[in-house]
Amino acid sequence: MNGYIWSVIFAMAAVTFISRAAPFVFLGRFAESRAIRFLGRGTPPVILTLLVIYCLKDVAVTVSPYGLPEGIALAVTIGLHALFRNALVSIGVGTGAYMAIVQTGILAL
Amino acid sequence: MGFSTRLVASAFQASGPVILGYFPLGFAFGLLFVEHVGLPWSYATAMSLIVFAGASQFLAVGLLAAGVGVFEIAAATFILNVRHAFFGLSVLERWRGAGFKKFFLIYWLTDETYALMTSIKPPPDARETDFHLLMAGINYSAWCLGSTAGALAGEASSFDTTGMDFALTALFAVLLVEQMRQVREVFPFALAFVAGIITIVAFGGENMLLISISLSLGLLIANGARRGWA
């Protein structure tokens, strides 16, 4: 377990640092290239959309409670963020709502 | 190095909202880490100090608990963090000549710190890289202190964390809304949504991230090249 956790920590640190340092090391000359700027604009939307889907991939929408806890909590999160644009409030209240729903089991029909 | 008190004060003021976000999120990470991974608090602190990538650390809690291999965790971390590669592009010129400080500016570059760097101007008499370094260091400290406090709290009490992992979904949803405000185009979002659903239906959920990201980015690049990167 000890070797495993340290390997994971250092592997994560290495790939994170590489992704942060990449433009400074490799892209200096290409920073103004149209292709790189196009990718810089298009990649984050693609990855974030897929990460949200990834997080919700195991939600069973065909059996009770039909994905309602996730749907409600997500609506709360996005709605609050559209209104107040305060990430802490949106994430905190959204997660709190989800925890309340699954811990009390009020939607387990 | 010597930073003036006024510069430190203005960095704290600028970082305020991020501290308020990083401390509680770090706390949630620490709490989840000790409960799900089952290791002492010091490992949560070590991960925050060494890795310092919030979303990846949340994702790693689930993967570590499942005993997923080192390579798979590293690959997932890379996919999650590759967006950082595009942050550096816009500060490339401004950090030229920052010397050893550049190492920490890069090491501490996160979504939120990047947002501060690109939106808040340094005080008139200050060097921009010093101001950026202070904000980044303050945010880093808030995350590490929050994780440690959360991990210690998790060891001290048996708080029911069922459903708390939804914080990761909520975090991504918030970042997605922010992207939608910035990038006023439907295409990349719609492309990824369709590719994600098709991948889950065709290949199942387990490996959907790598397959759907490759598929979407391939289509995005093909479309960009066809339109001359406009």
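- You'll find the side chain of B/Phe166 reaches within 4.5 Å of the side chain of A/Leu74, heavy atoms only.
- Aromatic ring centres of A/Phe17 and B/Phe103: separated by under 6.0 Å.
- Taking A/Ile9, A/Leu80, A/Thr77 one by one and counting their heavy-atom pairs under 4.5 Å with chain B, the maximum is reached by A/Ile9.
- Within the 4.5 angstrom heavy-atom criterion, atoms from both the backbone and the side chain of B/Phe52 approach chain A.
- Classification of the B/Tyr43-A/Trp6 ring pair by plane angle, with boundaries at 30° and 60°, yields tilted.
- Considering only heavy atoms from C-beta on, A/Met12 comes within 4.5 Å of B/Ile73 through its side chain.
- In this structure, A/Arg20 contributes its side chain and B/Trp108 its backbone to no donor-acceptor pair below 3.5 Å.
- Contact annotation: the side chain of B/Met208 approaches that of A/Tyr54 to within less than 4.5 Å [non-hydrogen atoms, C-beta and beyond].
- The minimum heavy-atom distance linking A/Thr49 with B/Leu176 is given by the pair OG1-CD1, 3.4 Å.
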**OP:** Might you work through the side chain to side chain contact (heavy atoms under 4.5 Å, CB included) test for A/Leu50 and B/Phe193, ending with a clear yes or no?
**Re:** CA-CA 7 Å; A/Leu50 289 170; B/Phe193 182 78; over 6 Å; no
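- When the candidates B/Leu25, B/Leu63, B/Thr161, B/Leu105 are compared by the number of heavy-atom contacts under 4.5 Å with chain A, B/Thr161 comes out ahead.
- When all heavy atoms of B/Leu220 and A/Phe38 are compared, the pair lying nearest together is O-CE2, 3.5 Å.
- Using a 4.5 Å cut-off between heavy atoms, B/Val183 touches chain A through its side chain atoms alone.
- Looking at A/Val46, both its backbone and its side chain come within 4.5 Å of chain B, counting heavy atoms on both sides.
- In terms of non-hydrogen atom pairs under 4.5 Å with chain A, the most contact-rich of B/Leu59, B/Leu175, B/Ile197, B/Ile221 is B/Leu175.
- For a residue to count as touching a neighbouring chain, one of its non-hydrogen atoms must lie under 4.5 Å from one of that chain's; by this rule B/Ile213 touches chain A with backbone and side chain alike.
- The candidate from B/Asp160, B/Leu80, B/Asp165 with the greatest count of non-hydrogen atom pairs under 4.5 Å with chain A is B/Asp160.
- Contact check for B/Tyr107 versus A/Thr16: no side-chain heavy atoms found under the 4.5 Å cut-off.
- Of the atoms belonging to B/Thr199, not a single heavy atom falls under 4.5 Å from chain A.
- Contacts between A/Leu56 and chain B at a heavy-atom distance below 4.5 Å involve the side chain alone, from C-beta outward.
- Looking at every heavy atom in both residues, A/Leu88 comes nearest to B/Pro24 through CD1-CG, 3.6 Å.
- Note on A/Ala14, A/Ala11, A/Ala73: by heavy-atom pairs under 4.5 Å with chain B, the leading option is A/Ala73.
- Comparing B/Ile50, B/Val177, B/Ile200 by heavy-atom pairs within less than 4.5 Å of chain A, the highest count is held by B/Ile50.
- A distance-only check finds no donor-acceptor pair linking the side chain of A/Gln103 to the backbone of B/Gly163 [under 3.5 Å].
- In terms of heavy-atom proximity, A/Ala13 sits nearest to B/Val51 at N-CG2, 3.9 Å.
- Between A/Arg41 and B/Glu185 there is a side-chain heavy-atom pair separated by less than 4.5 Å.
- Scanning both residues, A/Ile53 and B/Gly196, for their nearest heavy atoms gives CD1-CA, 4.3 Å.
- Chain B forms more heavy-atom pairs under 4.5 Å with one residue of A/Ala21, A/Ala35, A/Pro69 than with any other, namely A/Ala35.
- Of all non-hydrogen atoms in A/Ile91 and B/Ala167, the two that sit nearest each other are CG2-O, 4.0 Å.
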